[in-house]
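Quick note on labels: first sequence line is chain A, next is B, and so on, each numbered from 1.
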Amino acid sequence: MVENRPWLTALSHIVLSLGVLITALPIWITFVASTHPVEVLMSGRTPLWPGDHFLQNYTTILGSGMEAAGGVPVGMMMWNSLVMALMIAVGKIAISIIAAYAIVYFRFPLRMTCFWIIFITLMLPVEVRILPTFAVVADLGMLNSYWGLSVPLIASATATFLFRQFFLTVPEELAEAARIDGAGPLKFFRDILLPLSRTNIAALFVILFIYGWNQYLWPLLVTTDESYYTIVMGIQRMVAVPDSEPVWHEVMATSMLAMLPPVLVVIFMQRLFVKGLIEQEK
Amino acid sequence: MEKRVTFSRRGLAFALVAPQIVITLVFFIWPASQALYQSVLLEDAFGLSRKFVWFDNFTSLFSDSIYLASFGRTIGFSVATTALSLGIALLLAAMADRIIKGATTYRTLVIWPYAIAPAVAGVLWFFMFNPSIGILAYMLKALGYDWNHYLDGSDAMILIILAAAWKQVSYNFLFFLAGLQAIPRSLIEAAAIDGAGPFKRFRTIVFPLLSPTTFFLLVVNIVYAFFDTFGIVHATTSGGPAQATTILVYKVFSDGFIGLDLGGSAAQSVVLMAIVIGLTVVQFRYIERKVAY
């Protein structure tokens with residue numbers, strides 16, 4: 001701060017508090033709604049303070065799901081989301097780091113072609129090629145499987161670029177020294193580059209886990225079997241129950257559970273999260 | 001920049017890039033080329049006959065008033081979402097940059113909506129605005145406005161704009177804050193010594209120096225509003241009422257999967273691809289030049 005202006009500092013605090021309020025309000029309302037029995041919500045006056053049905057609502061939803069929406073247990077959906085998110089995050093990091101390693105440390109024909117092919121994926125989000133991608137996955141028999149949920153999403157230009165940028169900053173001397181000591185390319189990668197990339201991998205993992213957990217359109221397309229539903233898409237089935245008002249307290253409990261893992265990741269790994277987010281866009 | 005020390009085991013190099021390349025070819029390039037190909041075909045819904053029709057799908061697309069209306073709506077939606085979330089984020093970041101005590105706490109409290117899926121964010125706002133039980137609809141009714149996003153198209157549009165912008169503020173806030181903290185203090189101090197007040201300093205020094213961040217966020221937010229908001233629309237309004245919230249990504253999905261209009265949907269995909277490619281090119285060209293002021 002350059003000069004002392006108490007009224008401006010006070011204003012800053014007021015504006016920021018308002019910002020925090022706007023950020024938190026929807027979550028608070030959701031939490032409150034998830035702890036009341038259905039009659040209280042339907043009475044038309046939304047309560048502002050939590051009720052006493054917390055345990056009951058959450059155990060129902062986790063164990064047996066919402067009846068009106070086919071009774072798919074939310075616990076199982078969360079497990080599916082977790083598997084999908086982990087497969088996407090780990091898969092993206094694994095294939096990107098080795099691809100970046102090849103592009104930076106090797107000279108081979110078609111090297112730049114490979115680079116451009118990877119670059120193009122940046123321009124082709126799932127949303128713009130929904131039908132044909134679905135057709136490919138269907139032809140490969142990958143519908144209703146964890147592979148179908150994750151593999152089509154794990155190509156990653158941003159992760160590859162991030163590792164490429166990082167490898168370019170690794171001092172040449174390390175590769176020279178490794179070579180003089182007789183280490184082959186695989187040993188150099190495993191013993192020197194991987195340990196050096198640890199923070200980058202962790203930061204990227206945080207971002208990609210959130211990305212994977214929050215996938216919506218893709219799981220919606222490739223899963224018709226209830227046992228592969230993920231939680232984020234499962235909510236939609238609960239909201240869109242035909243011919244009646246959604247069972248709101250259960251929808252809200254499910255929303256809380258859908259938000260919980262990625263929000264916890266952001267809060268507890270804030271430093272890595274901020275690093276991952278900002279590095280990714282360089 | 002290239003490495004001096006490199007390895008020359010070609011087989012190994014190909015094996016290392018292979019997984020990424022294979023997945024890209026199978027799940028990205030091939031489907032995209034299929035979309036291109038189908039966009040010039042006329043096919044019946046059962047796939048029994050197909051005919052090469054050149055650009056008929058595109059001409060019928062751009063003479064279709066429903067599609068054009070959806071296009072206009074998407075632009076309006078993107079502009080509103082981007083302006084709202086960038087404006088709020090910049091205000092909050094500028095305030096957080098000013099204060100010394102508690103800035104980190106505020107940051108923690110503001111950033112976590114980033115982790116919430118668009119579809120879930122949509123459902124939260126959908127609930128708060130629910131005409132019969134939602135708290136915000138109740139407040140609006142007390143103020144004399146009868147909110148109903150099930151019947152009123154503009155209410156539904158406002159609903160998805162709010163949900164989309166609310167979720168994106170956290171992301172913009174982080175980047176604005178990082179950008180503000182990177183501005184050299186000496187410039188601001190010099191301006192203060194010359195007698196410029198906080199608002200004048202912000203307008204004439206801070207904001208111009210922040211332009212690379214602002215520009216970057218502008219592109220990212222437009223891409224977000226165009227493509228990542230599918231979940232918000234699908235989980236809440238389903239494009240309705242009466243198409244009032246049918247944005248382009250939702251239309252590709254509903255025409256292709258529900259309407260089974262393969263050629264038309266493919267043509268729409270190609271138009272969207274052109275938009276993403278355009279935005280990506282703009283972004284990279286400007287980032288290369290670093291948008292100096």
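For a residue to count as touching a neighbouring chain, one of its non-hydrogen atoms must lie under 4.5 Å from one of that chain's; by this rule A/T133 touches chain B with backbone and side chain alike. In this structure, chain B has a heavy atom under 4.5 Å from the side chain of A/Y101, while its backbone stays farther away. Residue contact with chain B, scored on non-hydrogen atoms closer than 4.5 Å, involves the backbone and the side chain of A/I117 alike. Using a 4.5 Å cut-off between heavy atoms, A/F119 contacts chain B through its side chain alone, with no backbone atom that close. At a 4.5 Å heavy-atom cutoff, the contact between A/M142 and chain B is made by side-chain atoms alone. For A/L140, the part lying under 4.5 angstrom from a heavy atom of chain B is the side chain only. Looking at B/W166, only its side chain comes within 4.5 Å of chain A, counting heavy atoms on both sides. Heavy-atom distances place no part of B/F226 under 4.5 Å from chain A, backbone and side chain included. Looking at A/S96, both its backbone and its side chain come within 4.5 Å of chain B, counting heavy atoms on both sides. B/A178 touches chain A through its side chain: at least one heavy atom from C-beta onward sits under 4.5 Å away, while N, CA, C and O do not. For A/L220, the part lying under 4.5 angstrom from a heavy atom of chain B is the side chain only. Heavy atoms closer than 4.5 Å to chain B are found nowhere in A/P261, neither backbone nor side chain. For a residue to count as touching a neighbouring chain, one of its non-hydrogen atoms must lie under 4.5 Å from one of that chain's; by this rule A/L124 touches chain B with backbone and side chain alike. Heavy atoms closer than 4.5 Å to chain B are found nowhere in A/Y211, neither backbone nor side chain. In this structure, the portions of B/M273 lying under 4.5 Å from any heavy atom of chain A include both its backbone and its side chain.
Closest non-hydrogen pair, B/R10 versus A/F108, comes out as CG-CB, 4.2 Å. Heavy atoms only, all atoms of each residue included: A/N214 and B/A115 are closest at ND2-O, 3.0 Å. Considering all non-hydrogen atoms of both residues, A/P26 and B/W125 come closest at CG-CZ2, 3.9 Å. Here the shortest heavy-atom pairing between A/A99 and B/V17 reads O-CG1, 3.8 Å.
When A/K92, A/Q215, A/Q236 are compared by the number of non-hydrogen pairs under 4.5 Å with chain B, A/Q236 comes out ahead. Ranked by heavy-atom pairs shorter than 4.5 Å toward chain A, the options B/S33, B/G256, B/A266 are led by B/G256. Put simply, of B/Q268, B/R9, B/Q34, B/K167, the one with the most heavy-atom pairs under 4.5 Å next to chain A is B/R9. Across A/R179, A/E172, A/H13, A/M233, the residue that shares the most heavy-atom pairs under 4.5 angstrom with chain B is A/E172. Ranked by non-hydrogen atom pairs under 4.5 Å with chain A, the options B/L124, B/L272, B/I111 are led by B/L124. Options A/G19, A/S156, A/G91, A/A258 differ in how many heavy-atom pairs under 4.5 Å they form with chain B, and the most are formed by A/S156. Top candidate by heavy-atom pairs under 4.5 Å with chain B, chosen from A/V20, A/L131, A/V170, is A/L131. Between chain B and the options A/L153, A/I231, A/L186, A/L221, heavy-atom pairs under 4.5 Å are most frequent for A/L221. In terms of heavy-atom pairs under 4.5 Å with chain B, the best-connected choice from A/I29, A/T30, A/I235 is A/I29.
Within residues 19-28 of chain B, the residues having any heavy atom under 4.5 Å from a heavy atom of chain A are, by residue number, B/P19, B/Q20, B/I21, B/I23, B/T24, B/L25, B/V26, B/F27, B/F28.
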May I have the step-by-step check of side chain to side chain contact (heavy atoms under 4.5 Å, CB included) for A/W248 and B/N130, ending in yes or no? CA-CA 10 Å; A/W248 280 113; B/N130 184 296; 3.4 Å; yes
Given the rule in the ring-ring contact (aromatic ring centres under 6.0 Å, His included) test, do B/Y114 and A/F273 qualify, once you have shown the distances and angles that lead to the verdict? CA-CA 10 Å; B/Y114 174 83; A/F273 163 70; 5.2 Å; yes
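A 4.5 Å side-chain heavy-atom check between A/V239 and B/F127 finds every atom pair outside the cut-off. At least one side-chain heavy atom of B/R107 sits less than 4.5 Å from a side-chain heavy atom of A/V274. Residues A/I27 and B/I116 form a side-chain contact, since some pair of their non-hydrogen atoms from C-beta on lies under 4.5 Å apart. Side chains of A/L16 and B/I99 form a contact here, defined as non-hydrogen atoms less than 4.5 Å apart. Inter-residue side-chain proximity for A/V15 and B/L92 is flagged as met; some heavy-atom pair is nearer than 4.5 Å. Between B/P118 and A/Y216 the shortest side-chain heavy-atom distance does not fall below 4.5 Å. Looking at heavy atoms from C-beta onward, A/F188 lies in side-chain contact with B/F7 at the 4.5 angstrom threshold. At least one side-chain heavy atom of A/L8 sits less than 4.5 Å from a side-chain heavy atom of B/F199.
With a 6.0 Å radius and a threshold of 12 heavy atoms from other residues, nucleotides or ligands, A/F268 has its CZ atom at or below the threshold. In this structure, A/R111 places its CZ atom where more than 12 heavy-atom neighbours from other residues, nucleotides or ligands lie under 6.0 Å away. More than 12 heavy atoms of other residues, nucleotides or ligands shown are found within 6.0 angstrom of CZ on A/R107.
Take B/T280 and apply the side chain to side chain contact (heavy atoms under 4.5 Å, CB included) test, not counting sequence neighbours, and it matches A/L122, A/M123, B/V276, B/F284.
The structure places OG of A/S255 at 11.5 Å from CZ of B/F126, a figure rounded to the nearest 0.5 Å.
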